[in-house]
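Remarks on the structure that follows.
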Amino acid sequence: MNIINKDLKFMSDLQHGNKPNTIVLHHAASSSCSIEEIHYWHLQKGWSGCGYHFFIRKDGSVYKGREENVVGAHCKNHNTNSIGICAEGDYSKEEMPSIQKEALVEVCEYLMGKYDIKNIYGHNELGVTECPGKYYPIDEIKEKVKENIKLGGAYPEYLIKRDSHKFDWNVVKIQRHLVELGYDVGACGADGYFGEDTEKAVKEFQGDVGIEVDGVVGGITWGSLFG
Ligand SMILES: [Zn+2]
């Protein structure tokens, strides 16, 4: 997942210490807009800048808003413990393009893995507002995410191996399960990055169950883990 950073300039009164345990989904209430425009609109309101942590355009591109550890300005009473994600569009009167929906699912999964977040809400579930709009596919997004992050499931049909630079939810699944089984996946825990310690744990697991020890999770190892 590529997160585009437009280097927005925030006012100096940003508060740090956001501890995300919830994702809050919003719409921009504008059919076409950019992260720079949202940033400008929020500055005009007297805020420190873009109130959201992420902004997703209709073409599926993902933009960085505030730092994730900065308190948000998007959902009253929840700004110190949530990540706010805004979708370009006015979903009180239009349908969401599927590529934008897919990007939303991907960002939610990424954040849920990173912070061990369990809950996704539409803004209107936490406050009195129409946001994110009656056509926003909130249930579909929640269902899709839930399905994708469920432990186990079918082998994803590619070799899952050492790559410390790419977050992968399937790596989270493998790491969580290895930890449950008593293996050590390193100090970062189940972070979704397949590093040296995860490779070592996979090799130990493979040795213990008597399959080929290569540190790569293919169909046989996946089956041994989750079968
Ligand atoms: Zn909202």
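Order of listing sets the numbers, starting from 1, for every ligand and every atom in it.
Side-chain atoms of Ile35 and Tyr52, non-hydrogen and from C-beta on, never get closer than 4.5 Å to each other. For the pair Ile83 and Val24, the minimum side-chain heavy-atom distance is 4.5 Å or more.
Just one of Tyr193, Phe54, Phe167 meets the ring pair (Phe, Tyr, Trp, His ring centres under 6.0 Å) condition when paired with Tyr110; it is Phe167.
A donor and an acceptor atom, one from each side chain of Ser31 and Lys93, are nowhere located under 3.5 Å apart.
Remark: Asp116 engages Arg176 in a salt bridge, criterion side-chain N to carboxylate O under 4.0 Å.
For the Zn ion (ligand 1), the tally of protein N/O/S atoms lying closer than 2.8 Å stands at 3.
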Under 3.5 Å donor-acceptor pairs involving side-chain atoms of residues 132-141, not counting sequence neighbours:
| residue | atom | partner | partner atom | Å |
| --- | --- | --- | --- | --- |
| Glu140 | OE1 | Lys101 | NZ | 3.3 |
| Glu140 | OE2 | Lys101 | NZ | 3.3 |

